[in-house]
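To find a chain, count down the sequence lines: A is the first, B the second, and so on, and within it residues start at 1. All values below come from the heavy atoms of this structure, side chains included, with hydrogens, waters and symmetry mates left out.
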Amino acid sequence: MDYQFKEIEQKWQKYWAENGTFKTSTDQTKPKYYVLDMFPYPSGAGLHVGHPLGYIASDIFSRYKRLKGFNVLHPMGYDSFGLPAEQYAIQTGQHPAITTETNIATYRRQLDQIGFSFDWSREVRTSEPGYYKWTQWVFMQLFNSWYNLETDRAEDLTTLIEKFNAGGSAEVKAVCDEDINTFLPSDWATFSEEEKQEELLKYRLTYLKESTVNWCPALGTVLANDEVKDGFSERGGYPVEQKKMMQWSMRISAYAERLLQGLNTIDWPEPVKEMQRNWIGKSIGASVKFEIELTQKSEFSTQNYIEVFTTRVDTIFGVSFIVLAPEHELVPALTTEAQKQTVEQYIAQTKKKSELDRMADTKTVSGAFTGSYVVNPVNGERVPIWIADYVLAGYGTGAVMGVPSGDQRDWLFATHFNLPIIQILDAQKEMATEADATKEGKYVNSGFINGLTYKEATAFLNNWLEEQGVGKAKVNYRMRDAIFGRQRYWGEPIPVYFKNGLPYLIKEEELPLVLPEIDKYLPTESGEPPLGRATNWKHGEGVYELSTMPGWAGSSWYWYRYMDSQNKDEFASKEAIAYWKDVDLYIGGSEHATGHLLYSRFWNKFLKDLGHVTEEEPFKKLINQGMIQGRSNFVYRVVDEEGRGTNTLVSYGLQKNYKTTALHVDVNIVEHEILNIDQFKKFRPEFAEAEFILENGKYICGVEVEKMSKSKFNVVNPDVLIDNYGADTLRMYEMFLGPLEQSKPWNTNGIEGVFKFLRKFWRLFHNEEWQFNVNDSIPTKAELKALHKIIKKVQDDVERFSFNTSVSSFMIAVNELTDLKCKNRQILEDLVVVLSPYAPHICEELWSLLGHTNLSITPYPTFNPAYLEENEFAYPISVNGKMKMNLNLSLSLDESQVKAAVLANEQLQGYLEGKELKKIIFVKGKIVNIVV
RNA sequence: GCUCGGAUGGUGGAACUGGUAGACACGCAGGACUUAAAAUCCUGUGCCCUCAACAGGCGUGCGGGUUCGAUUCCCGCUCCGAGUACCA
């Protein structure tokens with residue numbers, strides 16, 4: 001029989017499932033290799049052709065590694081908490097768990113028919129209580145921990161309390177809230193239980209705090225910074241506003257430096273690392289306190305200075321003004337009676353501007369003078385205090401020192417408001433049109449640092465400021481703590497209850513805290529989160545937390561659960577973690593660069609600090625597969641004089657002769673841009689009687705690359721392709737499409753080529769009557785050469801994730817062996833093994849026809865370079881990089897023999913015409929060029 | 001604005017450390033088989049000049065450079081894509 005892909009694929013998928021072929025266990029005799037895909041959120045739309053791209057690549061790699069003798073962990077699961085299921089529940093009343101279950105079933109069916117080698121016995125679902133029990137458990141560990149700067153790691157809260165008992169707050173160097181109290185051990189002892197809890201909350205790695213949050217009214221929840229894009233929610237695109245709320249946060253800022261340093265130790269794409277570096281946003285500089293001028297001092301009870309953060313402390317003699325963010329807490333007190341109206345007007349004006357306006361409008365200079373002054377600590381100069389919205393409340397201290405000569409924004413501000421511009425470096429150019437931020441030259445107009453260079457001045461000033469107690473060198477990070485609560489239903493309950501307004505953890509034995517049933521998935525009438533509707537959502541006297549965890553909670557540790565997914569006593573056993581350690585290869589989209597991938601690194605480092613895991617970084621190597629875009633097809637409807645659509649459609653090439661409107665047409669009824677008119681009439685019944693203006697007898701459609709979406713009729717469903725060509729063809733074609741990491745539009749046009757290849761491959765093993773036919777002859781040189789070329793090529797390609805080029809090489813190899821009429825068993829066996837990661841079903845079938853079993857763990861054939869060696873060559877040689885001629889030369893000749901042979905060559909002699917032969921250029925023992 | 005990535009035939013793309021640019025596939029054209037179609041196979045296919053062959057010229061976004069030799073390295077630009085954005 002010819003290649004019957006359906007039969008073969010069903011047969012082997014069933015076989016793999018029944019025999020547990022890809023079930024993995026810890027095997028100390030083999031080296032481990034952990035290949036992980038970013039697990040999907042099971043959306044209702046099912047998989048489109050873009051989703052499996054990364055899974056296919058990771059599957060090829062996993063299968064290849066198994067052949068290479070590794071014990072491969074390659075699991076799959078679902079990130080099954082999330083907004084869409086909940087939005088659907090709000091609309092229909094159907095429980096999100098049911099929606100999720102249905103969607104997962106679809107995903108599973110679609111994944112299964114592609115023939116992945118996942119170990120499904122390890123499947124995880126983040127919305128299962130058996131799983132989220134451990135997400136809650138991690139939360140509890142974070143709640144019970146603090147970050148000790150002296151040991152530079154997280155520690156259990158008991159060590160903090162010990163320090164409080166021993167030396168009071170002075171003993172402690174921690175990453176904590178700013179408003180901590182200072183107290184002696186004796187004070188601590190007198191604190192009430194409530195007071196102690198309140199103080200400890202400021203140190204916990206997950207803590208409750210009043211903070212400004214991104215509030216999305218349409219979704220009725222807060223969002224993390226990475227879930228907001230340009231002032232709109234990432235999911236749904238609803239407007240987001242700033243709001244002050246009591247919120248759970250994760251003290252990820254404690255790990256800023258380690259998260260930054262860790263990037264140097266992992267093999268990730270540079271753009272992702274760069275994004276994380278920017279997100280962490282480390283800047284090295286100094287904080288400086290500017291004392292507020294005496295006249296206003298009386299108004300300040302707690303603070304009589306303004307603290308600024310600068311990366312250019314060396315420019316401090318050039319300060320001609322101070323700018324505060326309009327929201328800065330000292331603004332009301334600093335504003336003088338005379339300036340009150342101006343300032344209040346300005347604040348009102350900036351408040352009106354939305355986040356978006358403020359971002360778009362970076363050119364207009366605006367600001368207001370408060371009427372107050374500070375004193376520059378280095379020279380005693382009076383410096384006016386302004387407010388302006390180019391200073392952000394959320395970064396640094398919300399205040400900057402204005403140095404117009406060295407900073408372009410300060411320059412614009414100074415120019416606009418006529419403030420002095422002071423030259424500070426002798427090498428600075430004229431500052432008539434812009435600031436000069438270069439650090440060259442020696443300082444001038446700069447008091448005691450005159451004559452120093454940038455490096456000297458910075459070091460000197462940092463010291464000086466610290467000695468005077470008015471400043472110090474400081475490192476600032478842009479990364480904020482991550483908001484950890486969502487006012488939604490479909491997420492992990494936070495294992496906390498409240499007593500006297502303070503949070504307490506439930507006991508570990510009480511885990512999991514199971515999500516309660518509620519009547520409606522909406523906030524309560526009083527505006528509480530949906531969990532407020534649950535009856536008896538109480539812990540003894542206390543009420544449980546009503547927020548749930550954000551979407552990223554469950555995905556921040558899931559790779560550990562795969563190591564031991566059924567464990568009821570631990571999130572994973574010590575033995576499993578010691579064996580599997582970390583993820584060797586992680587494949588997924590780059591859209592998670594500053595979300596999931598950062599939070600996962602954070603939790604991993606935390607778990608390491610507590611000794612629960614062994615590695616500092618969770619994902620050794622990361623690959624971002626490119627996005628598959630949609631490729632839309634269009635038909636062109638002719639529009640009449642009045643602009644109404646007619647019943648006539650004109651082919652793409654002729655449309656410029658008419659007035660037309662473009663209409664999306666289902667890509668599945670277009671092949672090579674030629675419209676299938678019969679199917680089109682069914683697709684759009686209103687065009688059943690339409691007239692078609694054709695070119696060369698065909699209707700040609702227009703093409704555009706857009707996002708894949710139902711409304712654009714450009715979604716290609718893998719099910720259809722598998723039905724027509726089989727999973728092996730789909731797998732190879734997805735790889736053939738182009739480099740894995742490159743984004744590209746999907747185009748089904750070339751799939752025939754891959755299908756033809758698989759059929760040819762099948763035929764290598766059969767005679768004309770479709771009988772299985774291989775022989776035991778001795779392989780010829782040519783056959784061995786073809787085989788070893790492909791062994792080497794695939795090995796090299798897979799190791800560098802260049803899967804597209806191997807597909808081409810397979811085609812060449814099969815063409816060569818077909819031409820050689822190769823039926824040799826030895827050759828074909830090795831070929832099957834080499835191809836099997838790419839096209840596992842057909843290879844399993846042929847492997848069994850060859851009389852073998854256990855293809856998935858058969859050793860990868862050993863490459864023997866001897867088969868590729870050649871002795872005689874006829875190859876072109878250029879002279880002076882120009883002319884080309886063929887010389888038959890033996891590669892075994894040494895250099896002088898080659899020279900003699902070249903000189904003796906008649907053709908060359910004619911060309912040389914007595915000119916001297918200067919140089920012969922060899923590459924890999926071959927002459928490539930002769931210089932005369 | 002900044003950072004990163006990219007630009008190669010009609011199309012997707014190949015060329016791994018500079019060494020025959022365009023592999024492989026699609027498409028197109030022609031042919032074989034067939035009553036016909038499908039399937040399969042064969043041939044051609046970067047552009048220009050040429051009836052054609054031979055030969056030649058031009059060719060990897062643009063302009064320079066290094067080199068015996070550049071798609072590859074360096075400098076300067078143009079365009080496209082992604083991320084980020086008043087971060088002091």
With RNA chain B as reference, determine whether Asp819(A) or Asp796(A) sits nearer its 5' end, using the nearest nucleotide of each.
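Result: Asp796(A).
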
Any [X] side-chain nitrogen or oxygen under 4.0 Å from OP1 or OP2 of [N]:
{"X": "Lys760(A)", "N": "U40(B)", "answer": "no"}
{"X": "Tyr395(A)", "N": "A88(B)", "answer": "yes"}
{"X": "Gln629(A)", "N": "G81(B)", "answer": "no"}
{"X": "Asn804(A)", "N": "A14(B)", "answer": "yes"}
{"X": "Ser283(A)", "N": "A88(B)", "answer": "yes"}

The side chain of [X] is closest to which nucleotide in this list: [options]?
{"X": "Arg759(A)", "options": "A88(B), C24(B), U40(B)", "result": "U40(B)"}
{"X": "Phe309(A)", "options": "A88(B), G13(B), C4(B)", "result": "A88(B)"}
{"X": "Thr311(A)", "options": "A88(B), C24(B), G83(B)", "result": "A88(B)"}
{"X": "Thr805(A)", "options": "A15(B), G13(B), C87(B)", "result": "A15(B)"}
{"X": "Thr310(A)", "options": "C24(B), G13(B), A88(B)", "result": "A88(B)"}
{"X": "Arg409(A)", "options": "G27(B), A88(B), C87(B)", "result": "C87(B)"}
{"X": "Tyr390(A)", "options": "A25(B), C86(B), G27(B)", "result": "C86(B)"}
{"X": "Glu274(A)", "options": "A88(B), C24(B), U3(B)", "result": "U3(B)"}
{"X": "Arg800(A)", "options": "A88(B), A14(B), A15(B)", "result": "A15(B)"}
{"X": "Gln742(A)", "options": "C86(B), C4(B), G13(B)", "result": "G13(B)"}

Can you tell me, in whole Å, how much space there is between the [atom1] of [N] and that of [M]?
{"N": "G9(B)", "M": "C28(B)", "atom1": "C1'", "answer": "13 Å"}
{"N": "U72(B)", "M": "U8(B)", "atom1": "C1'", "answer": "12 Å"}
{"N": "C86(B)", "M": "A70(B)", "atom1": "C1'", "answer": "43 Å"}
{"N": "U71(B)", "M": "G63(B)", "atom1": "P", "answer": "13 Å"}
{"N": "G57(B)", "M": "U67(B)", "atom1": "P", "answer": "24 Å"}
{"N": "A85(B)", "M": "C4(B)", "atom1": "C1'", "answer": "15 Å"}
{"N": "A25(B)", "M": "U43(B)", "atom1": "P", "answer": "12 Å"}
{"N": "G81(B)", "M": "C73(B)", "atom1": "C1'", "answer": "25 Å"}

Once you apply a heavy-atom cut-off of 4.0 Å, does [X] come out as touching a base, just sugar-phosphate, or nothing?
{"X": "Pro739(A)", "result": "sugar-phosphate"}
{"X": "Glu270(A)", "result": "nothing"}
{"X": "Asn749(A)", "result": "sugar-phosphate"}
{"X": "Asp410(A)", "result": "nothing"}

How many whole angstroms separate atom [atom1] of [X] from atom [atom2] of [N]?
{"X": "Lys756(A)", "N": "C41(B)", "atom1": "NZ", "atom2": "P", "value": "7 Å"}
{"X": "Asn747(A)", "N": "U11(B)", "atom1": "CG", "atom2": "P", "value": "13 Å"}
{"X": "Asp389(A)", "N": "C87(B)", "atom1": "CG", "atom2": "P", "value": "13 Å"}
{"X": "Phe290(A)", "N": "A88(B)", "atom1": "CZ", "atom2": "C1'", "value": "12 Å"}
{"X": "Glu768(A)", "N": "C33(B)", "atom1": "CD", "atom2": "P", "value": "19 Å"}

If the glycosidic angle is within 90 degrees of 0 it's syn, otherwise anti, so just tell me which one G57(B) is.
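Anti for G57(B); the angle lies over 90° from 0.
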
Under 3.5 Å, is there a donor-acceptor pair between the side chain of His672(A) and the main chain of Ile674(A)?
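No, His672(A) side chain to Ile674(A) backbone: no donor-acceptor pair under 3.5 Å.
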
Can a donor-acceptor pair be found, under 3.5 Å and without considering hydrogens, that links the side chain of Ser809(A) to the backbone of Lys793(A)?
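Checked: no pair found.
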
Do other residues, nucleotides or ligands put more than 12 heavy atoms under 6.0 Å from the CD atom of Glu671(A)?
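12 or below, so no.
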
More than 12 heavy atoms of other residues, nucleotides or ligands under 6.0 Å from CD of Glu329(A): yes or no?
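No, not enclosed.
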
Determine the interplanar angle of the [X] and [Y] rings, folded into 0 to 90°, and report it as parallel if under 30°, tilted if 30 to 60°, perpendicular if over 60°.
{"X": "His788(A)", "Y": "Phe863(A)", "result": "tilted"}
{"X": "Phe810(A)", "Y": "Tyr838(A)", "result": "perpendicular"}
{"X": "Tyr395(A)", "Y": "Phe309(A)", "result": "perpendicular"}
{"X": "Phe803(A)", "Y": "Phe801(A)", "result": "perpendicular"}

Pairing of RNA chain B as dot-bracket, 5' to 3': ( ) intra-strand, [ ] crossing, | other strand, . unpaired, with Watson-Crick or G-U pairs under 3.5 Å?
(((((((..(((......[....)))((((((.......))))))(((.......)))..(((((..]....))))))))))))....

Less than 6.0 angstrom separating the ring centers of Trp746(A) and Tyr733(A), yes or no?
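When the ring centroids of Trp746(A) and Tyr733(A) are compared, they turn out to be within the sub-6.0 Å range.
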
Could you tell me whether Phe5(A) and Phe755(A) have their ring centroids closer than 6.0 angstrom?
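Under 6.0 Å, so yes.
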
